[in-house]
Protein chains: 2
Amino acid sequence: MNTSTDSHKTRTGTRPQGQKSSTRERILAASLSLFNEQGERSVSTNHIAAHLQISPGNLYYHFKNKQAIIFALFEQYQQRVLGILEIPAGRTLQPQDKLHYLQGVFKGLWDYRFLHRDMEHLLLADPELHRHYRDFFRTCQSRVEAIFRGLGAAGILNVSEDDISGLALNTWIIVTSWFSFLRCNLLSDEAGTISPELLQGGIYQVFTLERPYLTDEYRDEMIALQQRYMPRPSWLVHDPAGGE
Amino acid sequence: MNTSTDSHKTRTGTRPQGQKSSTRERILAASLSLFNEQGERSVSTNHIAAHLQISPGNLYYHFKNKQAIIFALFEQYQQRVLGILEIPAGRTLQPQDKLHYLQGVFKGLWDYRFLHRDMEHLLLADPELHRHYRDFFRTCQSRVEAIFRGLGAAGILNVSEDDISGLALNTWIIVTSWFSFLRCNLLSDEAGTISPELLQGGIYQVFTLERPYLTDEYRDEMIALQQRYMPRPSWLVHDPAGGE
DNA sequence: ATTATCTATAGATCTATAGATAATGC
DNA sequence: ATTATCTATAGATCTATAGATAATGC
């Protein structure tokens with residue numbers, strides 16, 4: 001019936017609407033939270049079941065396997081991000097819009113941060129998921145390019161079509177790698193958690209990408225906006241002389 | 001005796017010099033190759049031993065555990081990269097130098113590509129390694145900043161100190177994320193391998209970062225250089241109308 | 001004696017299923 | 001009847017060690 005494979009079909013069956021089977025939803029929520037905390041790799045189906053105080057058998061009743069859970073979480077994530085990357089209809093873009101996009105996307109990345117942590121493994125283990133994700137990427141890229149084009153049209157940026165595709169790609173990479181970057185390179189043992197400040201440093205970094213393209217008219221305004229996300233020097237230490 | 005913990009000491013013991021114990025070296029080489037091919041996560045100590053046709057016990061004679069193998073590979077990688085990011089003594093930087101750095105680093109990243117694939121897990125599982133890696137990152141950052149400063153001094157780039165730290169950080173992120181990006185977003189099932197062309201697309205992308213900072217004097221030359229790494233449009237598809 | 005290697009194995013998981021039982025919806 | 005849940009468990013790994021041999025270096 002369905003054109004594509006349906007190996008990830010859910011089992012909601014004939015359930016009314018949204019209501020009921022809280023178990024399925026609880027499994028997803030618990031998985032998300034455990035995956036984010038400990039990494040998908042170290043969370044087994046046993047852990048998830050134990051965390052919810054249900055039996056492993058019950059978990060397998062609701063999901064074919066761990067991959068199916070991940071697949072469902074992936075879909076949530078994609079919906080979330082696509083909901084944010086919309087061009088406002090019938091008006092030109094404002095400097096504030098840029099901020100809105102970035103904050104929304106970073107929040108989404110944070111809430112589903114396990115995904116990018118083990119992305120390669122997750123995608124390689126599930127070709128269907130990989131296919132979905134590549135489509136998602138392409139859609140995102142054209143949305144981001146449209147945003148840059150909009151910023152150009154609004155006279156905020158001075159960019160050629162060539163600049164735009166380069167910018168969009170670099171933006172994607174910086175944004176999707178930001179949390180990984182933080183955890184690998186900046187998090188010390190003491191400061192085990194990512195503070196909101198660090199989190200928002202990513203916004204600063206993305207602004208850096210387009211700073212050279214700002215028009216004279218908007219340069220000061222945008223740079224002032226960027227400054228609000230300036231990270232304190234403490235976390236970007238360049239070989240500190242006499243630290244420790 | 002040693003100030004830091006020595007949990008990763010090797011057991012080369014009283015061995016002459018470089019010679020002998022090819023087994024230890026063979027374990028490292030096989031691990032690197034298997035990790036790169038299949039991902040560290042899916043390669044167990046059993047696999048490594050089987051691949052070398054030695055017993056698991058023998059493997060554990062040479063390495064305390066899998067982490068110790070990874071630690072040793074990490075050290076190799078860091079030496080390799082630091083060897084490349086040297087400022088040439090007694091002369092100003094040339095446009096060609098930039099290329100040399102990028103090619104060397106990308107080659108290193110490729111040869112140890114498993115590291116960045118599972119970086120977060122590897123670092124979180126081994127605090128000592130994490131400490132080493134943070135130091136490595138900081139050293140790299142100041143080297144990269146020095147390179148940008150050198151390109152400024154050579155009249156190739158027109159950059160402020162502020163620009164430099166932003167550029168260096170963005171460069172780091174793009175470079176270290178490039179292969180992951182390729183595998184997640186561009187590799188389709190058919191084209192399972194990363195072609196040299198794709199690989200070098202990363203160089204193009206890094207050039208994009210600094211393009212707006214080129215001085216009038218060098219702009220044409222550097223852009224011509226960048227064009228040599230221009231990826232064919234085929235692999236950066238923007239929602240192709242009528243594809244497939 | 002020391003270094004290198006093998007065999008065998010304990011103990012800890014994990015995944016995924018079969019089969020029984022309980023709860024629900026007409 | 002259908003849906004949800006539990007118990008129990010087979011089968012597959014993996015890691016890491018103990019203890020026995022073999023090979024080497026003085």
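Order of the sequence lines fixes the chain letters, A, B, ..., with proteins taken first and strands second; residue numbering starts at 1 for each chain. The structure presented is a predicted model; accordingly, all values stated were derived computationally and were not measured.
Taking the centre of each ring, F71(B) and F74(B) stay at or above the 6.0 Å mark.
Shown are V105(A), L109(A), D111(A); of these, the side chain to side chain contact (heavy atoms under 4.5 Å, CB included) with R80(A) is made only by D111(A).
Between the side chains of H62(A) and R24(A), not a single donor N or O lies within less than 3.5 Å of an accepting N or O.
The side chain of Y61(A) places an N or O atom within less than 4.0 Å of a non-bridging phosphate oxygen (OP1 or OP2) of dA4(D). Phosphate contact (OP1/OP2 of dT5(D), side-chain N/O of T23(A), threshold under 4.0 Å): present. For dT5(C), the OP1/OP2 oxygens have a side-chain nitrogen or oxygen of H62(B) closer than 4.0 Å.
In this structure, R41(B) places its CZ atom 12 Å from C1' of dC14(C), rounding to the nearest Å. Distance Q67(A) CD to dC14(C) P: 17 Å, rounded to the nearest Å. Distance I69(A) CD1 to dA16(C) P: 10 Å, rounded to the nearest Å. Atom CG of N58(A) is separated from atom P of dA18(C) by 16 Å (rounded to the nearest Å). As rounded to whole Å, 14 Å separates atom C1' of dC6(D) from atom CG of N46(A). As a whole-Å value, the separation of F63(B) CZ from dA4(C) C1' is 14 Å. We find that NZ of K64(A) is positioned 8 Å from P of dA16(C), with the value rounded to whole Å. Rounded to whole angstrom, the span from the CG atom of L59(A) across to the C1' atom of dT7(D) amounts to 15 Å.
A distance of 7.0 Å separates CD1 in I147(A) from NZ in K98(A), rounded to the nearest 0.5 Å.
You'll find that the side chain of Y60(B) is closest to dT17(D), out of dT17(C), dC6(C), dT17(D). Of the listed nucleotides (dT15(D), dC6(D), dT15(C)), dT15(D) has the atom at the smallest distance from the side chain of K66(B). Distance from the side chain of H47(B) is smallest to dC14(D) among dT15(D), dT7(D), dC14(D). For N65(A), counting side-chain heavy atoms from C-beta on, the closest listed nucleotide (dT5(C), dA16(C), dA16(D)) is dA16(C).
S44(A) comes within 4.0 angstrom of the backbone, heavy atoms only, and of no base. Base contact: S55(B) has a heavy atom under 4.0 Å from a base atom.
Using cut-offs of 30° and 60° on the angle between ring planes, the pair Y133(A) and W172(A) is tilted.
In this entry dT24(D) has dA1(C) as its Watson-Crick or G-U wobble partner, both defining distances falling under 3.5 Å. The partner of dA18(D), taking Watson-Crick or G-U wobble pairs whose two distances both stay under 3.5 Å, is dT7(C).
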